[in-house]
Each structure stands twice: as structure tokens, then as C-alpha cells.
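All remarks here apply to the structure that follows.
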Amino acid sequence: MLNIVLFGPPGAGKGTQSEKLISQYNLVHLATGDIFRYNIKNGTDLGNLAKGYMDKGQLVPDEVTIKMLNAEVEKHPESNGFIFDGFPRTTPQAEALDTLLASKNTAISCMLALEVPEEELKQRLLKRAEVSGRPDDANIEVIENRIAVYNKETAPVKSYFENQNKLSLIDGTGSIESITERLFKAIDSLS
Ligand code: AMP
């Protein structure tokens, strides 16, 4: 199996690049933010709980997020592999992911971490707000909080995978195509 963590701050291009990777490598895309938004749209208990955190740019609690992610992985027993997009965002989430995959006799193949300067992230998110309809993209204070939460709680997850020799840093600036090329190259160098 090929199991990739596509990592990076909000606005780094994880969603856009995931689309390219799933078609190239025939993987299942699991984006925790998308799953939460789907639940909000459908008015589920999970959606109602997540919304309060998301609107403020805070993380949904680990217990809830890990349970949801486990259930999503279970839905795809025949998968060739997964792209985890927006997960793990904390060290306990990374540990839970390792445990889950180990129980299926597989593991994370690599973490690809997109790197983009903070000012560019803010500009990208404000621009995305014009089309995404996402409340958390439309407000600069929420954007800044999401970036601060990333720096404090999520960025340390890079060290977790670096300690396993699985971290590749990828320049996330330039054209969409050039970033995709860098990601393909990093994945192809694994085999
Ligand atoms: P995203 O679509 O990845 O930008 O995520 C949007 C929001 O969903 C985040 O700001 C969090 O509130 C929540 N979220 C998504 N993934 C996670 C996660 N792995 N852990 C906790 N909260 C998450």
C-alpha cells in the first residue's frame, strides 16, 4: 500500500494537490476538513459539534477526529492506499494513525510537507474565500488563528515523521503543475 500524509499549513494547496495524487496513484482521499463540512451540511451531531471549533479556527478535539478517521479508513478495505489530507494535525493523531495502520499490517509511506510563506498563505485563503463559501476563509482573524494553531499544535507532527525518516519537505510555491511535479518526484523516489 502507498499511504501518504499530505501536510502543510492552511492554504498550502493540500486539497488541490491531493486531486492530482489520487488520480496518478489510484488512492483514496481522506480529508478530515471535507468530512466535517459534509457533516455540517447534513446537520449531523458530529457536524454540529465540529462547527463550533471550525468557525473559530480551532481544532476539533482529538478523540472525535480520531474516531471519525478510523471509521473512514474502515470504509475502504480494498484500497490501494490513502492520502491523508489535514490529518494528523496533532501528535496524538499521528500516534493513532500509526496504530490503526499497524493493525492493518501497513504503515505511512511518507509525509510530504508543503512549505509556503505565511504572507502568501493569507493571500491565498482570502482569495479562496471568494469561491469556497467557507466562513473560516472569509475572516482574517480566523485565518490568523488557524495559522497560529498550525504553528503551535500541528507543525510538531513533522518531527514525529522525521524521526521515522519519512519526512520530505516540498516547496509549495510556484505553479500548481510545478508543485505536482515535485510531489510525484518525491513519491516515485520511494520505490
Ligand atoms: P481544513 O479543511 O483541513 O482546512 O480544516 C478545516 C477545519 O476543520 C480546521 O480548522 C479544524 O477546525 C477542522 N479540522 C480538520 N481536520 C482536523 C484534524 N485533523 N483535527 C482537528 N480539527 C480538524
Side-chain angles (χ1 to χ4, degrees), residues 3-22 28-75 82-101 108 111-116 118 120-161 170 172:
N3 297 308
I4 295 171
V5 175
L6 189 56
F7 193 79
K14 299 186 293 294
T16 305
Q17 295 299 335
S18 288
E19 295 306 319
K20 315 279 181 191
L21 300 185
I22 51 175
V28 172
H29 180 204
L30 293 185
T32 42
D34 289 349
I35 301 166
F36 284 133
R37 279 184 290 277
Y38 177 85
N39 277 276
I40 291 173
K41 207 171 111 201
N42 288 286
T44 68
D45 288 347
L46 176 64
N48 292 338
L49 184 144
K51 188 171 173 13
Y53 296 96
M54 292 170 75
D55 284 351
K56 293 188 213 117
Q58 296 168 352
L59 295 184
V60 178
D62 279 343
E63 198 193 323
V64 176
T65 307
I66 290 168
K67 196 169 151 214
M68 177 183 86
L69 193 275
N70 284 2
E72 289 295 324
V73 169
E74 297 296 346
K75 285 183 193 167
F82 294 92
I83 294 201
F84 299 98
D85 162 1
F87 186 96
R89 262 178 156 98
T90 62
T91 302
Q93 290 183 15
E95 289 164 353
L97 182 59
D98 270 352
T99 304
L100 174 70
L101 294 179
I108 288 299
M111 167 184 267
L112 304 172
L114 293 167
E115 298 192 300
V116 178
E118 238 169 71
E120 185 167 342
L121 294 174
K122 291 184 201 170
Q123 296 312 322
R124 285 188 190 181
L125 290 169
L126 287 170
K127 189 145 181 272
R128 186 171 80 183
E130 293 166 15
V131 289
S132 71
R134 281 178 55 170
D136 60 344
D137 284 347
N139 178 313
I140 189 66
E141 281 166 20
V142 175
I143 288 175
E144 283 173 348
N145 193 37
R146 287 162 66 199
I147 294 174
V149 167
Y150 170 82
N151 287 333
K152 183 158 174 270
E153 297 182 55
T154 303
V157 179
K158 267 190 281 191
S159 315
Y160 180 89
F161 287 100
I170 307 287

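We use all heavy atoms of the structure for the numbers below, so side chains are in, but hydrogens, waters and symmetry mates are not. Order of appearance sets the numbers: ligands from 1, and atoms from 1 within every ligand.
Qualifying side chain to side chain donor-acceptor pair (under 3.5 Å) partners for Arg128, counting only residues two or more places apart in sequence or in other chains: Asp137. Residues satisfying the ring pair (Phe, Tyr, Trp, His ring centres under 6.0 Å) criterion with Tyr160, sequence neighbours excluded, are absent altogether.
In terms of protein heavy-atom proximity, atom 23 (C) of ligand 1 is closest to Phe36 CE1, 3.8 Å. In terms of protein heavy-atom proximity, atom 16 (N) of ligand 1 is closest to Thr32 OG1, 2.7 Å.
In summary, the atoms of ligand 1 found under 4.0 Å from a heavy atom of Thr65, numbered by their order in the structure, are 18 (C), 19 (N), 20 (N), 21 (C). Counting the atoms of ligand 1 from 1 in the order shown, those under 4.0 Å from a heavy atom of Gln93 are 18 (C), 19 (N), 20 (N), 21 (C). Interface atoms of ligand 1 facing Gln58, defined by a heavy-atom separation under 4.0 Å, are 11 (C), 12 (O). Interface atoms of ligand 1 facing Arg146, defined by a heavy-atom separation under 4.0 Å, are 4 (O). Counting atoms of ligand 1 from 1 in the listed order, those under 4.0 Å from a heavy atom of Arg37 are 2 (O), 6 (C).
The side-chain contact (heavy atoms from CB on, under 4.5 Å) with Phe84 is formed by just one residue from the set Leu69, Leu6, Val28, Ile4; it is Leu69.
Residues Gln93 and Leu97 have side chains not in contact (no heavy-atom distance under 4.5 Å, counting atoms from C-beta outward). Between Arg146 and Leu125, some side-chain heavy-atom pair lies under the 4.5 Å cut-off. Here the side chains of Pro88 and Val5 are in contact, with some heavy-atom distance below 4.5 Å.
Looking at Lys14, its side chain never comes within 3.5 Å of a backbone N or O of Ala113 through a donor-acceptor pair.
Remark: Asn42 CG is packed, more than 12 non-hydrogen atoms of other residues, nucleotides or ligands lying under 6.0 Å away.
Between Arg134 and ligand 1, an N or O atom pair is found at a separation short of 3.5 Å. Considering backbone and side-chain N/O atoms, Asp34 never comes within less than 3.5 Å of an N/O atom of ligand 1. Any N or O atom pair closer than 3.5 Å counts here, and Lys14 shares no such pair with ligand 1. Of the N or O atoms in Gly86, one or more lie within a sub-3.5 Å distance of an N or O in ligand 1. Considering both main-chain and side-chain atoms, Val60 comes within under 3.5 Å of ligand 1 through a nitrogen or oxygen pair. Geometrically, ligand 1 and Tyr53 share no nitrogen or oxygen pair separated by less than 3.5 Å.
If you check each of Lys56, Met68, Met54, Arg89 against atom 13 (C) of ligand 1, the one with the closest non-hydrogen atom is Met54.
Using a 4.0 Å cut-off between charged nitrogen and carboxylate oxygen, Arg89 and Glu153 do not count as a salt-bridge pair.
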